[in-house]
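All values derive from a computational prediction rather than experimental measurement. Just so it is clear: chains get the letters A, B, ... in the order the sequence lines come, proteins before strands, and each one is counted from 1.
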4 protein chains.
Amino acid sequence: MARTVDQARHEARRLVIVDAALTVFAARGYDGATTAAICRQARIGSGTLFHYFPTKLAILLGILEYGTREVRESAAAYEGREDPVGVLLEIVGRSADEAADPRVPGFVRAAAGVMHLPEVAAALEADADAQRARLRPWVERGQELGEVRTDLTDARIVSWLMLLTDGFLERVAAEPGFTAAGERDLLVATAREFLHPGGRPARRGGRVSR
Amino acid sequence: MARTVDQARHEARRLVIVDAALTVFAARGYDGATTAAICRQARIGSGTLFHYFPTKLAILLGILEYGTREVRESAAAYEGREDPVGVLLEIVGRSADEAADPRVPGFVRAAAGVMHLPEVAAALEADADAQRARLRPWVERGQELGEVRTDLTDARIVSWLMLLTDGFLERVAAEPGFTAAGERDLLVATAREFLHPGGRPARRGGRVSR
Amino acid sequence: MARTVDQARHEARRLVIVDAALTVFAARGYDGATTAAICRQARIGSGTLFHYFPTKLAILLGILEYGTREVRESAAAYEGREDPVGVLLEIVGRSADEAADPRVPGFVRAAAGVMHLPEVAAALEADADAQRARLRPWVERGQELGEVRTDLTDARIVSWLMLLTDGFLERVAAEPGFTAAGERDLLVATAREFLHPGGRPARRGGRVSR
Amino acid sequence: MARTVDQARHEARRLVIVDAALTVFAARGYDGATTAAICRQARIGSGTLFHYFPTKLAILLGILEYGTREVRESAAAYEGREDPVGVLLEIVGRSADEAADPRVPGFVRAAAGVMHLPEVAAALEADADAQRARLRPWVERGQELGEVRTDLTDARIVSWLMLLTDGFLERVAAEPGFTAAGERDLLVATAREFLHPGGRPARRGGRVSR
DNA sequence: AATGAATGAGAGTTCATTCAT
DNA sequence: CATGAATGAACTCTCATTCAT
C-alpha cells in the first residue's frame with residue numbers, strides 16, 4: 001500500500017514538473033528554457049528536478065511520452081463505432097481543440113527545434129506512429145464502406161490528415177487572428193471534403209461533437 | 001566604382017556565410033549550431049564571421065530577410081496575369097518545390113524553435129506578411145471573377161493556403177516517405193479544391209507549371 | 001544493561017559502515033566515493049549513514065582511527081619480549097601481511113589524496129605517531145644490546161623502517177607483479193640488513209613468524 | 001616561421017598552466033583543486049584554460065606526461081657509461097633531489113588519489129614503465145660485471161629500487177623532520193647496500209654527484 | 001580585411017546533508 | 001531507529017564575442 005501511495009505521489013510530482021516544463025518550453029523554446037526557470041515554475045529546488053529526471057532532455061522526452069500515451073489511450077475510445085468518417089473527423093476536431101491550449105503550439109515548435117537530437121527525433125516518430133495507428137483503421141474501414149476516397153492509399157490519406165492538423169497548429173501559433181476555436185469547423189469541413197471529395201454534406205446542422 | 005566593387009564583394013561574402021549558416025542551422029537547430037561550426041562550414045575564421053554579422057542571431061535574421069526578399073521579388077513575376085487561380089496554384093506549387101531542398105524544412109524548424117525571441121518573431125511575421133501580400137490580390141481577383149469561393153473572406157482563404165503549405169513542409173520534414181516531389185500534385189489539387197469546392201477540374205492533362 | 005547492548009549494537013553498525021566505506025574509498029578514492037555508494041555497499045539508507053557519522057569526512061577519520069587503535073593495541077602484544085630485532089621484524093612483516101588485503105593500499109592512497117584537509121593530516125600524523133611509538137622502544141633496546149646499528153639515531157632508524165613499509169605498500173598497489181606474499185620475506189631481510197648492516201643472518205631456517 | 005613561433009608560444013602557455021596546476025594539485029589534491037583556482041594561479045581566464053586542455057583531467061595527465069618525458073630524456077644522458085652501479089645510484093639520488101621540490105610529493109599523492117580513473121592509472125603505468133626502462137639495463141649490466149647481486153632477478157631489483165625512492169618520497173611528504181637533502185645520502189647508501197650486500201664501500205670520500 | 005587566442009558569463013548537473021515521516 | 005525525498009551550494013565546461021596583430 002505504501003508502495004502504491006509512494007508511486008502515486010511520485011507520479012503526481014513528476015506531473016507537476018512536466019506541467020511546469022511544458023509551460024517554460026512553450027514560452028522560451030528548449031534551449032531558452034533554463035532548468036532554473038523550470039524549477040521556479042514548479043516551485044522546487046534544482047536538486048529535486050534532477051531527482052525526477054536525469055537530464056533536461058529527459059523532461060522534454062517525458063512530456064512527449066505523456067502526449068503519445070494520451071494518443072494511444074484516446075484511440076481506445078472509438079472502438080465499436082460504425083461511422084468511420086465520423087470517427088476521423090472527431091479525431092481531427094479534437095486535435096484542433098488541443099491547439100486551443102496556447103502552450104501546445106509553442107511546445108510543438110520547441111520540440112521541433114531540437115529534432116536534430118536523435119532521442120527527440122525518435123520520440124516524435126513514436127508520437128507520429130501512434131497518431132497514424134489511431135487514424136489508419138478508420139480510413140481503411142471508410143474505404144471499404146465507400147465513404148472514403150479510394151484514389152489514394154490509406155497511408156497517404158492518413159499523412160494528409162496529419163498535414164491538415166499540423167498546418168492548423170502552425171497557423172494558430174503564427175497568426176494571432178487564426179484561433180483554434182474560430183477555425184475548428186472549417187478544419188473539420190476541409191478534412192471531410194478531403195476524405196470524400198464532392199460527397200454529400202454531412203447531416204445538416206451537424207456540428208461535429210467534441 | 002571601387003566602392004561598388006567592394007560592396008559586391010562584401011555582399012558575396014555575406015552570402016557565403018548565410019549559405020553556410022543555413023546548412024548548419026538546418027542540421028543542428030539554432031542553439032545547436034555553434035558559430036565555430038558555421039565558420040568551419042563557410043571556411044572562414046571566427047573573427048571574419050563577426051566582421052559581417054554582429055551576432056549569431058543577426059545571421060539567422062539575415063537568412064530570414066533573404067527569404068522574405070525573395071518572396072517579395074517573386075510576387076512581381078505574376079503581374080499582368082489574368083488567371084488568378086492559376087497564379088495561386090503556381091505559388092503553392094513553388095512552395096512545394098522549395099520544400100524539396102532538404103535544408104528548408106530543417107531551417108524552418110530551427111527558426112520556429114527560437115520564435116520566442118522578439119526579433120525572430122518580428123522577422124517571421126514580416127515573412128508571413130510578404131506571403132500574404134503575394135497571395136491576397138489574386139484571391140480577391142479570383143473572388144471577383146467567380147473562380148474562388150466567396151463563403152470565406154479573402155484573408156481567411158489566404159491563411160488556409162498558408163496552412164496547406166506549412167503543413168506540407170512539416171510533413172516533408174517529419175515523414176521520410178512523404179516527399180516534396182511525390183506529393184506536389186496532390187497539394188496543388190487540394191488547394192484548387194479548397195479555393196473552389198466542386199469546381200470543374202482544371203484544363204485536362206494540365207500540370208501546374210513550376 | 002540495555003544501554004550496553006545498545007552501545008554494542010551501535011558499535012557493530014558503525015563497523016559495518018566503516019567496512020563498507022573502506023571498500024568504496026579504496027575502489028574510488030575519497031571524492032570518487034559518493035555517500036550513496038557507501039550506503040549501497042553497507043545496505044543502509046542515506047539517513048542511517050548520517051545517523052552514525054555526521055559527515056563523509058568523519059567516516060574517513062573513523063577508519064583511520066580504527067587503524068591507529070589497532071596499531072596501539074598490537075603494540076601491547078610485544079611486551080616482555082627480549083629480542084628487539086625479532087620484534088621489529090615481526091612488526092615490519094605484519095605490515096606486509098596487511099598489504100595483502102587489496103583494499104589497504106587503495107585506501108591508503110585515497111587518504112593520502114586528501115591529506116591537504118587538516119583533519120586528515122592530523123589523523124595520519126596520529127597514526128604515524130602510533131607507529132613510531134610502537135617501533136622506537138625496540139630500536140632503542142636493540143641499540144643498547146648492540147643488535148641494532150648506532151650510527152643513526154633511533155628516530156631516524158624508525159623513519160627508515162616506515163619508509164620501507166610505505167614503499168612496500170606503494171609497490172604492491174602499483175605493480176601487479178609485486179605481491180605482498182611474494183615479496184614479504186625480502187622486505188624482512190632488507191629491514192634486518194638495514195637494522196644491522198653486515199650482521200649475521202638471523203636464526204637459520206628462520207622465517208619471521210606472522 | 002609563424003607556425004613555429006605560434007607553436008612555441010602555445011607550448012610556453014601550456015607550460016604556464018601545467019606549472020600552476022602542479023602547484024594547486026599539490027596543495028589541494030585533485031578534487032580539491034578547482035579549475036577556478038588553477039586559473040587564478042596561472043593568471044588566465046577559465047576559457048583560456050579550456051582552450052589549452054579539454055578537461056581538468058587532461059591537465060593532470062599533461063603533467064604526468066611531462067614527467068614521463070623527462071624520465072625518458074634523462075635516460076639518454078647515461079649512455080656510454082661503464083659503471084652501472086654508479087649510474088643506478090645517480091638515478092636514485094636524482095629522484096631524491098626531485099623530492100626536495102615541496103610540490104612533488106604533494107602532486108604524487110594527488111595523482112595517486114585518483115588512480116582509480118583508468119586514464120590516470122594508464123599514465124602512472126606509463127611513467128613506471130619509463131622508470132623501469134631507465135633502470136633495468138644498468139641492473140643487467142651490473143649483474144654481468146658482478147657488481148650487482150644475482151640472487152634476485154633484474155626486474156625484482158628494479159622494483160625494489162623504485163620501492164626505495166617511492167618510500168623516500170612518501171616519508172618526505174609525511175614527516176616534516178625527514179628532508180630530502182638530509183636523507184639523500186642515506187638513501188643512496190641503502191640502495192648501494194641493496195644492490196650489492198656487503199660490497200666494499202664506494203670510493204672513499206665519494207659523494208654521489210648530483 | 002582577416003584572423004584566432006583570450007575571455008567570462010552562464011549553463012546543466014552532482015552530491016553531501018537535512019528532516020519529516 | 002531508519003528512511004529517502006528534498007535541497008542548493010558549488011563544480012566543470014561551453015560558446016558567443018572581443019580585439020591585438
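Side chain of B:Thr55, nearest nucleotide from E:dA6, E:dA9, F:dT17: F:dT17. In this structure, of F:dA16, F:dA6, E:dT17, it is F:dA6 that holds the atom nearest to the side chain of A:Arg13. Side-chain proximity of D:Phe50 to F:dC13, F:dT17, E:dT17: nearest is F:dC13. When the nucleotides F:dA6, F:dT3, F:dA5 are ranked by their closest atom to the side chain of C:Ser46, F:dA5 comes out on top. Considering only side-chain atoms of B:Thr35, the nucleotide from E:dA6, F:dT17, E:dA2 that sits closest is F:dT17.
One atom, CD1 of D:Ile38, and another, P of F:dC13, lie 10 Å apart when rounded to the nearest Å. Spacing between atom CG of C:Asp31 and atom C1' of F:dA10 amounts to 13 Å, rounded to whole angstrom units. Protein atom CZ of B:Arg43 is 13 Å distant from nucleotide atom P of E:dG4, rounded to whole Å. Atom CG of B:Leu49 is separated from atom C1' of E:dG4 by 13 Å (rounded to the nearest Å). Between the CG atom of A:Leu57 and the C1' atom of E:dT13 there is a distance of 14 Å, rounded to whole Å. Rounding to whole angstrom units, CZ of residue D:Phe53 and C1' of E:dA5 are separated by 15 Å. The nearest whole Å value for the distance from the CG atom in B:Leu117 to the P atom in F:dA16 is 14 Å. Remark: C1' of E:dT13 and CD1 of A:Ile44 are 14 Å apart, rounded to the nearest angstrom.
With a 4.5 Å cut-off on side-chain heavy atoms, B:Leu117 and B:Leu60 do not count as touching. Contact check for A:Leu57 versus A:Val114: no side-chain heavy atoms found under the 4.5 Å cut-off.
Where C:Pro54 and A:Lys56 meet DNA chain E, the nucleotide closest to each residue was compared, and A:Lys56 sits on the side nearer the 5' end. Nucleotides of DNA chain F nearest to A:His51 and C:Tyr52 differ in position, and the one nearer the 5' end is that of C:Tyr52. Of the residues near DNA chain F, A:Gly47 and C:Gly47, the one whose nearest nucleotide (by heavy atom distance) lies more toward the 5' end is C:Gly47.
When atom types are taken as modelled, the side chain of D:Thr68 and the backbone of D:Leu64 share a donor-acceptor pair closer than 3.5 angstrom.
Judged by Watson-Crick or G-U wobble contacts below 3.5 Å, the nucleotide F:dC15 has E:dG8 as its partner. Base pairing analysis places E:dA1 opposite nothing; no Watson-Crick or G-U wobble pair with both distances below 3.5 Å involves it.
Backbone-only engagement by D:Thr34 is indicated by non-hydrogen atom pairs under 4.0 Å involving sugar-phosphate atoms exclusively. A:Ala33 comes within 4.0 angstrom of the backbone, heavy atoms only, and of no base.
Relative to the six-membered ring of C:Tyr30, C:Lys56 meets both conditions, a distance below 6.0 Å and an angle of at most 45° to the axis.
With respect to the salt-bridge test (charged N to carboxylate O, under 4.0 angstrom), the residues C:Arg103 and C:Asp19 qualify.
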Could you walk me through whether A:Leu49 and A:Ile17 pass the side chain to side chain contact (heavy atoms under 4.5 Å, CB included) check? CA-CA 7 Å; A:Leu49 180 69; A:Ile17 294 171; 3.5 Å; yes

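An OP1 or OP2 oxygen of F:dA6 is reached within less than 4.0 angstrom by a side-chain nitrogen or oxygen of A:Arg9.
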